[in-house]
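The block underneath contains the structure these notes are about, expressed in structure tokens.
Here is the naming used below: chain letters follow the sequence lines, and residue numbers restart at 1 for every chain.
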Protein chains: 2
Amino acid sequence: MKKTKKWDKARLLCEALSEEEDLLVNEVATRVADKWSLWTLATLAESGEPLRFSKVMATVEGISQKSLTKTLRQLERDGLVTRRVYAEVPPRVEYALTELGVELLEHVEPLWSWVAKSVGDFARARKEYDAR
Amino acid sequence: MKKTKKWDKARLLCEALSEEEDLLVNEVATRVADKWSLWTLATLAESGEPLRFSKVMATVEGISQKSLTKTLRQLERDGLVTRRVYAEVPPRVEYALTELGVELLEHVEPLWSWVAKSVGDFARARKEYDAR
DNA sequence: CAGTATCCAGATCGATACTG
DNA sequence: CAGTATCGATCTGGATACTG
């Protein structure tokens with residue numbers, strides 16, 4: 001088997017990180033893999049303009065209020081979305097993607113597409129494994 | 001804010017998936033974000049040849065035997081690694097990357113590199129958020 | 001409207017002990 | 001050597017009820 005040079009590059013980058021940074025990288029990676037986080041980001045990206053909490057909740061089917069709140073807080077904390085509160089009655093809160101959020105989506109897309117495209121391979125592997 | 005065309009492409013791919021496939025895609029994405037899974041795959045990639053259980057365990061610092069077993073089983077089930085058992089005493093079991101596993105690493109690398117490179121941005125965002 | 005607070009069931013993970 | 005089995009602490013996420 002050949003070594004994957006591309007991976008070595010990432011390894012070098014990772015080894016240059018402090019322990020604290022490594023933790024942070026891992027947490028961001030968690031966002032990337034989290035269904036709700038990604039779906040929320042994608043919802044904001046597709047909209048192209050700020051969305052209210054209730055609008056996001058309606059778009060991201062199946063998410064609970066609690067989970068959406070948590071997800072949005074995490075994304076905000078990581079600098080991926082902005083949260084703007086308007087002093088109105090009833091209250092209005094709008095969420096929007098940041099530049100960093102857009103960048104993240106753009107970097108996630110190729111991987112996600114590959115996984116989606118390869119779903120047949122994965123399904124086949126599973127079927128084979130489970131058959132034994 | 002501009003719409004992210006690239007993301008739309010992934011969205012279209014996702015919407016073409018069956019519910020079952022969607023689940024599978026999500027599970028693979030979980031592997032991608034899992035620290036142990038990725039580290040295990042990277043270990044096998046760097047080695048360039050099959051590795052014994054104990055060797056992997058020694059390389060992936062901090063992983064418990066239980067977690068490594070689970071991780072390897074998942075990776076095997078998803079067709080990312082192979083598991084070969086030699087009928088010897090004491091037993092020898094060797095793990096190796098599959099082609100699919102190599103491909104996955106190659107597709108993960110750009111994203112991972114970007115996250116690592118952007119760790120400063122994320123740290124700054126956090127610091128700002130936490131300051132409030 | 002956009003949350004917060006509380007409860008609770010299920011998944012997860014490390015540590016430990018045991019085995020083919 | 002390469003696991004499996006088990007226990008307890010921890011984390012997660014949904015459902016529900018309440019509030020500025």
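In this structure A:S37 satisfies the side-chain hydrogen bond (donor to acceptor under 3.5 Å, both in side chains) test together with A:D34, sequence neighbours excluded. Every side-chain contact (heavy atoms from CB on, under 4.5 Å) that A:T82 has, sequence neighbours left out, goes to A:A96, A:T98. Take A:E88 and apply the side-chain hydrogen bond (donor to acceptor under 3.5 Å, both in side chains) test, not counting sequence neighbours, and it matches A:R92. Under the rule for a side-chain contact (heavy atoms from CB on, under 4.5 Å), the partners of B:V85 that lie at least two apart in sequence or sit in another chain are B:R83, B:V93. Evaluation of the side-chain hydrogen bond (donor to acceptor under 3.5 Å, both in side chains) rule for A:W114 yields A:S118, B:E103 as partners, not counting sequence neighbours.
Minimum interatomic distance between B:L38 and B:V32 (heavy atoms only, all atoms of both residues): CD2-O, 3.2 Å. Across B:D78 and A:F122, no two heavy atoms sit closer than the pair O-CD2, 3.3 Å.
Note: CZ (A:R84) to C1' (C:dA2) measures 17 Å, nearest angstrom. Taking atom CG of residue B:D34 and atom P of nucleotide C:dT12, one finds them 11 Å apart after rounding to whole Å. One interatomic measurement links the two molecules: CG of A:L68 to C1' of D:dG14, which rounds to 14 Å at whole-angstrom precision. Atoms CD (A:E88) and P (C:dC1) sit 13 Å apart, rounded to a whole Å.
If you check residues 69-82 of chain A against DNA chain C, the residues with a heavy atom closer than 4.0 Å are A:T69, A:R73, listed by number.
Contact annotation: B:Y95 side-chain N/O to D:dC1 OP1/OP2 distance is not under 4.0 Å. Neither OP1 nor OP2 of C:dC1 sits under 4.0 Å from any side-chain N or O of A:R52. Contact between the side-chain N/O atoms of A:R83 and the OP1/OP2 oxygens of C:dG3 is found at a separation under 4.0 Å.
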List the atom pairs, with distances to 0.1 Å, where a side-chain N or O of residues 21-30 of chain B and a protein N or O form a donor-acceptor pair under 3.5 Å, not counting sequence neighbours.
{"residue": "B:E21", "atom": "OE1", "partner": "B:S18", "partner atom": "N", "Å": "2.9"}
{"residue": "B:E21", "atom": "OE1", "partner": "B:S18", "partner atom": "OG", "Å": "3.4"}
{"residue": "B:E27", "atom": "OE1", "partner": "A:R126", "partner atom": "NH1", "Å": "3.3"}
{"residue": "B:E27", "atom": "OE1", "partner": "A:R126", "partner atom": "NH2", "Å": "2.6"}
{"residue": "B:T30", "atom": "OG1", "partner": "B:N26", "partner atom": "O", "Å": "2.9"}

Tell me which donor-acceptor pairs under 3.5 Å the side chains of residues 59-66 of chain B have, and how far apart each pair is, sequence neighbours excluded?
{"residue": "B:T59", "atom": "OG1", "partner": "B:K55", "partner atom": "O", "Å": "2.8"}
{"residue": "B:S64", "atom": "OG", "partner": "B:S67", "partner atom": "N", "Å": "3.1"}
{"residue": "B:S64", "atom": "OG", "partner": "B:S67", "partner atom": "OG", "Å": "3.2"}

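Across all strands shown, A:Y86 has no heavy atoms under 4.0 Å from either base or sugar-phosphate atoms.
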Nucleotide-level pairing of DNA chain D, given in dot-bracket where Watson-Crick and G-U pairs need both distances under 3.5 Å and | marks other strands: ||||||||||||||||||||

Stepwise side chain to side chain contact (heavy atoms under 4.5 Å, CB included) test for B:W36 and B:L68: CA-CA 8 Å; B:W36 295 141; B:L68 180 56; over 6 Å; no

Test side chain to side chain contact (heavy atoms under 4.5 Å, CB included) applied to A:T71 and A:W39, step by step: CA-CA 10 Å; A:T71 298; A:W39 199 343; over 6 Å; no

Base-contact (B) and sugar-phosphate-only (S) positions in nucleotides 14-20 of chain C, heavy-atom cut-off under 4.0 Å, - elsewhere: BB----B

